[in-house]
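Notes follow once the structure below has been shown.
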Amino acid sequence: MKRLLPLLLPVLLAFSGCYKDDLDVSTWTNNPFDRDYTGPNVFSMDTTFIEIIGTPPNVITRQVMQFTVNSSLFLAPNAYQVRVKDLENDQIVLLSQFPVGSDVWRYTKLEFTFGQELCLEVRLSNNFSDGRPETICATLQ
Amino acid sequence: MMNGTCRMILLLAWAHALMGTCAHGQGTGTLRFLVEPGDSYQFVLDGKYRMQEREVKLMEGPHTFTFWAPTRSIVDTVLRVQAGTTKDVILRLPYSPEYVAYQRELSQLKKEQWLGRVLPCAVTLGTGIWAVSSFVNYKDAHDQLEADEALYTSSASPNGLQQLKEVDVPVHQEEFAQARTNFYISGGVFLASAAFTTWSIIKASKKPLPTFEDKEKVKFDGLVWVPDRRGGTWAMGLTIPIR
């Protein structure tokens with residue numbers, strides 16, 4: 001038995017360090033970039049307003065919808081884009097951060113109507129793919 | 001009176017002449033022994049004298065010799081000594097049947113011990129290497145799953161995350177299960193092999209060693225009665241098993 005122990009010891013140690021396959025991908029739902037994300041909303045509408053740019057006679061008036069991404073929900077710091085779908089005309093645009101580095105985003109629209117609620121379908125986007133869609137709405141007063 | 005004296009003188013002269021002739025016929029010769037094994041052989045001369053000499057000087061004529069050496073058979077022979085000459089006696093004592101049998105048993109035992117120890121040890125070593133290799137694969141598979149989990153945390157690519165969850169992780173989980181099964185099998189085989197090796201070694205160590213009884217020595221010792229001051233003693237042999 002004394003001879004047996006040195007032989008069995010490595011195996012016993014190995015068995016004592018057995019690994020368990022306790023991964024369940026169905027519970028992996030806390031990454032906001034995941035399409036199966038089930039956490040709190042990432043997007044929140046800040047405001048909407050009319051913006052006038054240019055100088056007469058070349059003046060452009062447009063509606064701005066400003067919203068924020070809650071990047072504190074990210075599991076790791078990451079750069080990202082936002083894909084916006086205007087639910088009024090189904091137009092889709094890919095936005096970049098404004099200002100760069102911040103989590104404040106702006107969607108502009110030339111045709112607008114006061115008093116009408118405008119809804120956007122927004123998603124986090126990276127590498128030509130999009131995350132879970134969320135809908136944010138605002139009414140131009 | 002004178003006639004009687006002359007007859008006596010003639011008788012003495014004849015006797016002297018006869019004795020002189022006889023003495024001349026009883027000259028000595030030498031036998032030089034070249035016996036293998038040269039360092040341990042003994043012999044009994046004419047059934048009376050036990051000696052351990054390389055050279056003997058004897059009266060001429062036939063003499064009986066009984067040679068023996070440890071582990072060898074007794075060899076009886078008659079050697080004729082010629083007066084005034086030295087004769088080389090070359091002799092190789094054959095091994096005794098008991099010693100040959102002992103050597104055979106010893107060789108067989110060594111072979112069995114080799115088979116009972118070295119071979120199982122080699123098999124155990126092989127299965128041990130297999131078990132260690134399987135464990136490394138098992139650990140690598142587990143590390144891969146941990147890496148997948150870490151990648152889910154750090155990744156910001158929706159497509160990458162979907163690929164990870166729907167393809168990569170299931171594949172890695174299958175590989176992990178396979179590696180775990182292999183490890184359990186190889187570990188079990190190694191345990192069984194180690195147990196068998198231990199049993200085999202214990203069994204081999206418990207097997208009694210063959211002993212050698214030099215029966216030829218007993219016979220040889222019984223050939224000679226050695227006298228001493230008190231009248232004499234019997235020579236006896238003591239057999240010590242060679243291990």
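- Taking all atoms of both residues into account, the shortest heavy-atom contact from Trp28(A) to Lys165(B) is O-NZ, 2.8 Å.
- Across all non-hydrogen atoms, the minimal contact from Arg35(A) to Asn159(B) is NH2-OD1, 2.5 Å.
- In this structure, OG on Ser155(B) lies 9.0 Å from CG on Asp34(A), to the nearest 0.5 angstrom.
- Judged by distance alone, with hydrogens and angles left aside, the side-chain atoms of Tyr152(B) form a donor-acceptor pair with the main-chain N or O of Asn31(A) at under 3.5 Å.
- The backbone N or O of Leu23(A) lies less than 3.5 Å from a partner atom in the side chain of Gln173(B), making a donor-acceptor pair.
- Taking a 6.0 Å sphere around CD of Glu174(B), one finds it holds 12 or fewer heavy atoms contributed by other residues, nucleotides or ligands.
- By a heavy-atom distance cut of under 4.5 Å, Leu124(A), Asn126(A), Asn127(A), Phe128(A), Ser129(A), Asp130(A), Gly131(A) are the residues of residues 118-141 of chain A near chain B, going up by number.
- Heavy atoms closer than 4.5 Å to chain A are found in both the backbone and the side chain of Glu149(B).
- Other residues, nucleotides and ligands contribute more than 12 heavy atoms inside 6.0 Å of the NZ atom of Lys109(A).
- Of all residues in residues 37-65 of chain A, none places a non-hydrogen atom less than 4.5 angstrom from a non-hydrogen atom of chain B.
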